[in-house]
Amino acid sequence: MTNVLRTSKEQCLLTNVALNVRDSASCSGRHLLKSFINAALNREEDVHVLGFEVSEEELKGSPVQRLHFHNAYSDPLGWTDKPTFTVHQFCMEELARLLKQTSHPKPATLVIDSLSWILRHVSPPAVCATLHQLRKGGAVRAIVALLHGDMHQRGTVGSVCHLASSVITVAPGMKGGDAVAKITKRSKSGKVVQDEDIFTINNDLTVVIQSKHSQVGHKQADPEEQEMDPTAHLTFNLRLSNKEREAKEKLALPFVFSKEKKTALLHSSPGSGRILYEPDANDDYDQEDPDDDLDV
Amino acid sequence: MAAPVSTVGKPSAERLPLNTTSFQKKTRTKLISIPGTRPSVQNGQLLVSTGVTSLDYLLGGGLAVGTVLLVEEDRYDSYSRMILKYFLAEGVVCRHELFVASAQDNPDDILQELPAPILDDVAIHKPVEQPRLSCEPQDSLDAMKIAWRYQNLPKVQSALASSSRFGHYYDVSKTMEPEIRQAAKCHRFYLTEHPTQSPPTHSTMLESYSALLKSLQEVINSEGFDVAAPMSKSRNILRIGLPSLGSALWGDDLSCHDNPRNGHALATFFYGLRAMLRSSLAVAVVTVPSHLIQDRALMGNITRLCDNAIALESFKGSERETNPLYKDYHGLLHVRQVPHLNCLASKLPDHKDLAFKLKRKQFTIELCQPVSTIGCQKSKVKLLTVA
């Protein structure tokens, strides 16, 4: 059983990766996001959270030292005089400045909750450009973003997910507490790996993967190919035993010459097979008058 | 035996080896012979190979110089990127010049991932082995048991001379050696290195596209790819590769919104690109993420503005992956547009159900015909296998 969810969590924090968690109204992805944050903190990493949708207390109960929560929840559009973080600050220069404020030597992990909020106020090409620059810049090690798939047009969701190297789509599972995660990972070489897992999140925000999701209705039983083997049910024997094979090799074919004769024929010395002819008197070999013998 | 006919105006080819014919076509036309190109047998257009021999066959022998090939990307951009890499690798092997413009990946990264050519196909001819003499060890006679009279004849050279080879094969599991790659001249355009100012509202084209067109124009003019340039020095072909044009990273919201604000920017770009290519010795392969573009009318516009257009549909992630009909293939290939160059109408391809498969040494495009399955016996009919 592949714990792809766990490995993708670890993987996203190892390499320079952008991870999108895509959820919908029927199943929220915020718990998964919280578990990602938890795992990153347990790995002794710096985590910056841009919180647009929920407040700090709701996302993380007690403040943790390595978690830097940028409060964009109270005043995201800058209506008051002193906003902490507005949506218009989601651009490369501001974010770089924000990330440099912490004195951690290693690059941090950036968690965006949620990207949908930003996409409603900033144009998608600008958001994509910022995400791309963040990835290439090296200021962050990984970006984990939450995206509400049913809030945007298909093209927008597609464009943003196209940029991400891994996309986890959560959907409600069969049973109550379960959720189904469809994971699509794209490696640098262009290889795409897709997986589906059923998981639950415990109270301490660890992810438990239950089993691989098997859709009952969809899967067709692979028809077993029965290749018609023409030599299967015959009344005569087509195979050779070892003795028979040896006898077959030893048999001298009628038109096969011995080795000496073959060599003689192949490497014939000059003059061995020439025909010498000397025309005698009866053979009238006169080119000018071929019908000399005619009595006309 | 007739004496070999000398050619007029054609630069002397390499000395042909012994067994190939010494007959040479007498040409009176001043056809510019550029390495890696050949005239089409149908209409005399100068063709270059796309790097994928099946695709060459589909396009009527190759890609005509001065045209644009539009590849609509598959969902995860794996196979369309592969076609672009084949195209660029073919340019390196044929010693053409390359121009790569990208918004997402650095062009240098794209160039480092080119597949390695399978070089024994393009090897220089080995001299024909002389027939063996009579002082031979006897074991040579055991080579042929039945056709022993033909043993001493030299082997028939079935491969054509390497100078007339069109299209090469590549091994995708290996990347091209840096020595081979650096032998080819390459021009790059990376969008992040060109900071764009706010676009002027009166133009229909985006800043990024205008910058790209300007850069292309500079390269074409300065390196002498313009057809109008003097014919003094030897000519070469410029191969232009534009991956993921029209994606959000180019600043275009065509792939983001259902009703894009500057919906005609990409179409204007293609119009300008094609106009530029018609008067130069250049070929372009452009990939567009058409699965993100929701406005089909705009996509149709863009398709019409390109000469050749194919669309790739990969089975990955779709329900067709488990369909037993398609189990040998990686995806479907749809031909959206065929070129009609210097003629009123073009011959549409007969076969509509084409499927592709990326093997290690070949990208094959085959006819995929659904057949009925009678009981448990399954037979697949491959009517046309293009190598």
Side-chain angles (χ1 to χ4, degrees), chain A residues 92 119 123-133 135-137 152-163 167 182 184-194 215 218-228 249 253 255-269, chain B residues 73 75-79 81-82 85 103-106 109 113 132-136 138 140-142 145-146 148-149 151-152 172 191-192 206 244 247-261 289 291-295 314 316-317 319 321-324 327 373 375-378:
Chain A
M92 192 58 205
L119 280 170
S123 73
V127 173
C128 289
T130 311
L131 285 174
H132 181 63
Q133 280 164 348
R135 233 176 124 181
K136 296 283 177 197
H152 306 282
Q153 293 172 352
R154 269 177 52 187
T156 314
V157 175
S159 299
V160 174
C161 291
H162 195 66
L163 276 185
V167 178
K182 265 189 247 188
T184 309
K185 265 192 297 189
R186 268 198 310 173
S187 66
K188 264 206 106 156
S189 59
K191 217 171 86 117
V192 177
V193 174
Q194 285 189 324
Q215 287 167 314
H218 255 267
K219 219 177 187 177
Q220 298 157 8
D222 287 311
E224 276 180 333
E225 282 202 28
Q226 282 182 358
E227 300 227 337
M228 298 285 288
E249 303 277 331
L253 295 173
F255 291 102
V256 168
F257 297 135
S258 64
K259 274 192 189 161
E260 294 75 23
K261 195 160 182 189
K262 273 192 206 173
T263 359
L265 281 169
L266 273 179
H267 311 295
S268 55
S269 49
Chain B
E73 289 174 13
R75 185 169 293 276
Y76 301 110
D77 192 21
S78 11
Y79 300 107
R81 185 60 67 97
M82 203 64 234
K85 285 193 219 167
Q104 186 167 6
D105 303 319
N106 200 333
D109 294 339
E113 291 167 10
R132 286 176 276 195
L133 301 170
S134 54
C135 49
E136 268 294 299
Q138 288 296 345
S140 65
L141 283 174
D142 290 340
K145 205 165 172 189
I146 300 189
W148 51 269
R149 285 177 209 269
Q151 228 166 260
N152 285 345
V172 296
L191 189 66
T192 50
L206 289 175
S244 289
S247 69
L249 287 173
W250 285 93
D252 199 354
D253 63 346
L254 183 67
S255 50
C256 302
H257 293 142
D258 287 350
N259 294 319
R261 203 176 311 132
H291 55 97
L292 297 172
I293 296 176
Q294 306 299 318
D295 191 340
S314 132
K316 192 99 199 168
E319 63 275 1
E321 204 171 0
T322 48
N323 194 334
K327 73 175 168 65
T373 57
C376 54
Q377 186 183 14
K378 200 181 292 186

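Proteins get letters first, then strands, A, B, ... in listed order; numbering begins at 1 in each.
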Chemist: Tell me which one of A:Lys191, A:Gln194, A:His162 satisfies side chain to side chain donor-acceptor pair (under 3.5 Å) with B:Tyr76.
Modeler: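 Testing each of A:Lys191, A:Gln194, A:His162 against B:Tyr76, the sole residue satisfying side chain to side chain donor-acceptor pair (under 3.5 Å) is A:Gln194.
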Chemist: Does any backbone or side-chain atom of A:Arg186 lie under 4.5 Å from a heavy atom of chain B? Answer side chain, backbone, both or neither.
Modeler: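 The answer is the side chain of A:Arg186.
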Chemist: Closest approach of A:Leu163 and A:Arg135, non-hydrogen atoms and distance?
Modeler: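 The pair with the smallest heavy-atom distance is O-NH1, 2.7 Å.
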Chemist: Please rank B:Asp258, B:Ile293, B:Asp253 by heavy-atom pairs under 4.5 Å with chain A and give me the top one.
Modeler: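 Ranked by contacts with chain A, first place is B:Asp258.
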Chemist: Quiz question: by atom type and distance under 3.5 Å, do the side chains of B:Ser244 and B:Glu73 form a donor-acceptor pair?
Modeler: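 A pair is found: one side chain offers a donor N or O, the other an acceptor, under 3.5 Å apart.
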Chemist: Any idea which heavy atoms bring A:Pro125 and B:Cys256 closest together, and the distance?
Modeler: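 Residues A:Pro125 and B:Cys256, closest heavy atoms: CD-SG, 4.3 Å.
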Chemist: What part of B:Ser255 gets closer than 4.5 Å to chain A, counting heavy atoms only: side chain, backbone, both or neither?
Modeler: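 Its backbone and side chain both get close to chain A.
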Chemist: Can you confirm whether B:Glu113 sits close enough to B:Lys85 that some side-chain heavy atom of one is under 4.5 Å from a side-chain heavy atom of the other?
Modeler: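 They are in side-chain contact.
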Chemist: If you count heavy-atom pairs under 4.5 Å with chain B, which of A:Thr156, A:Leu131, A:Leu119 comes out on top?
Modeler: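 Going by pairs under 4.5 Å, I would pick A:Thr156.
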Chemist: Between A:Ser123, A:Gly158, A:Ala126, A:Cys161, which shows the greatest number of heavy-atom pairs under 4.5 Å with chain B?
Modeler: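 Most pairs with chain B among the choices: A:Gly158.
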